[in-house]
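Treat the numbers as computed from the prediction; the structure is a model and nothing was measured.
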Amino acid sequence: MIVASQMKARVIKAENVSSTTKQIYEDPFTYDGEIIPPPYNLVELKLIGEYSTILQQCVEAYRVNILGFGLVPEYRFDYNAKDTPDERKKTADAEWTRLEEVYRYLNYDEEAETILGYGLEDREKMGNGYVEMLRDGLNRPVGMEYVDGQYVRVCKRTVPEEVEYTITENGQPKKIKRWRRFRKFVQMINGKKVYFKEYGDPRPMNLTNGKFDESTPENLLASEIIHFKLGSGTYGIPRWVGHIVHQYGARKAEELNYLYFKQGRHTPAAITISNGMLTDESYTHLQEYMNGIEGVENAHKFLVLEAEGITQDGIKPGEESTTPVKVEIKSLAEILQQDALFLEYDTKSRDKLRSAFRLPPIYTGESKDYNKATADTARKITEEQVFEPERQAITGKLNTLFLPDLEIYQVEAALKGPNFGDPIETAKALAPFITGGAAVPNDLRDLLGELLGKDLEALPDDYNVPFPVVMNALQQAQQTNPLSALMKSKAAPDMDILNVMKDMRDMLEELQS
């Protein structure tokens with residue numbers, strides 16, 4: 001009779017603490033019909049930048065290149081045109097000064113660009129960024145504060161409200177009225193709710209309950225919010241949301257590599273025992289060995305295993321009563337994925353996320369494969385296709401909202417961009433145009449100021465004449481001026497006297513020698 005033998009297998013692994021987060025992403029809002037739930041977990045979207053190795057660099061590149069060059073006023077017309085009236089220039093100069101002062105003091109702790117930058121970072125991470133606007137007693141916008149987007153929710157649109165707007169017609173301000181539906185916003189921190197109204201909503205609103213009430217005390221009047229979002233939906237959608245899965249995958253690959261180096265002394269192996277079984281004491285020691293494989297101090301431990309043979313029945317006298325035990329340790333390292341695969345996965349993940357932002361590697365600090373020509377080309381294309389349109393969208397929104405309330409119509413705000421031109425090369429290219437009389441001095445003042453490192457005022461019209469015209473005028477003046485002949489006649493004797501004195505000096509030197 002043949003009795004089938006039984007085989008037992010035990011899996012022994014290190015009892016590591018789980019690396020899974022213990023945070024509870026609980027949405028504190030109650031969506032009862034007025035407050036609209038966001039399509040994604042806003043807290044998770046904002047925090048993923050802390051775990052990704054590339055997302056924060058992309059967001060930072062957007063903030064620096066869109067807002068980092070400064071916010072400046074610009075004329076809405078050709079200020080130096082001959083047909084521009086002096087009265088319009090005077091009005092525009094006053095508006096220029098007022099707009100500069102407004103943006104300078106929108107926040108007393110930070111510059112306006114910094115506050116807008118916080119909102120821009122939230123927009124790129126969560127799809128939604130918010131800034132709070134404050135008004136003075138004359139109902140003019142005078143203050144700007146950052147609002148953390150992860151604590152803000154959007155409400156449904158309110159009933160239509162007739163609003164007065166100021167437009168320009170034939171260069172003159174004109175008042176019009178139109179119907180518009182506004183939104184409300186609610187913020188909750190530590191269980192406390194605060195309501196805001198959309199910028200431009202003229203109705204007084206109570207910040208504690210979000211109700212429009214004319215009798216609301218001044219200290220309870222809700223302030224206004226400007227919502228910067230990606231897309232046309234109620235909430236914005238992050239441009240990188242389609243890449244969120246491989247962002248988590250890249251994070252897990254990083255954690256796996258970390259554990260590999262942290263527990264690198266342990267080689268995955270299978271322990272096989274023939275004709276026997278581990279003692280309970282050996283099993284306990286093996287478990288302790290696995291739990292203690294971490295750390296430098298445990299880098300040179302030895303593993304000793306004890307196994308017991310299986311007792312056999314019906315053994316003849318003189319024969320062994322137990323079977324001989326055979327213990328083998330077989331390495332399993334060859335079936336593991338190589339580290340290079342994880343590196344390639346991480347590289348692909350970074351490339352995918354940069355493509356979502358349409359950024360070349362040079363903007364995220366990966367420029368080892370660039371030379372000057374390719375770097376300049378990459379920067380110019382990105383500036384043209386990405387950053388400049390974003391600047392136009394932001395300043396367009398601010399100008400549309402702010403300028404009518406400030407009664408500014410001749411000047412607008414603009415975000416500056418980088419200058420890719422080389423002043424030396426530009427000067428060389430302009431040389432033939434200057435010689436041919438195609439350029440006047442005021443055309444070149446900005447370039448000269450860039451070379452000198454300071455701002456230069458425009459020259460008066462009397463001096464704003466092409467260079468060849470000036471040279472021709474000087475030549476004609478010398479030919480027609482009666483004093484020029486006299487100056488020439490005086491200059492000739494002076495040269496003769498000088499030559500005689502030189503000859504006398506040479507003669508004296510020869511006599512002395």
Measuring only between side-chain heavy atoms, which start at C-beta, is [X] closer than 4.5 Å to [Y]?
X: Lys397; Y: Tyr199; answer: no
X: Thr166; Y: Tyr409; answer: yes
X: Ser355; Y: His243; answer: yes

(Q) Test your reading of the model: is there a side-chain donor-acceptor pair from Gln187 to the backbone of Val194, 3.5 Å cut-off? (A) no
Can [X] and [Y] be counted as an ion pair, charged N to O under 4.0 angstrom?
X: Glu383; Y: Arg391; answer: yes
X: Lys211; Y: Asp213; answer: no
X: Lys89; Y: Asp93; answer: no
X: Asp376; Y: Arg379; answer: yes
X: Arg140; Y: Glu407; answer: no
X: Arg63; Y: Glu60; answer: yes
X: Glu34; Y: Lys184; answer: yes

With sequence neighbours left out, the residues meeting salt bridge (Lys or Arg N to Asp or Glu O under 4.0 Å) with Arg76 are Glu412
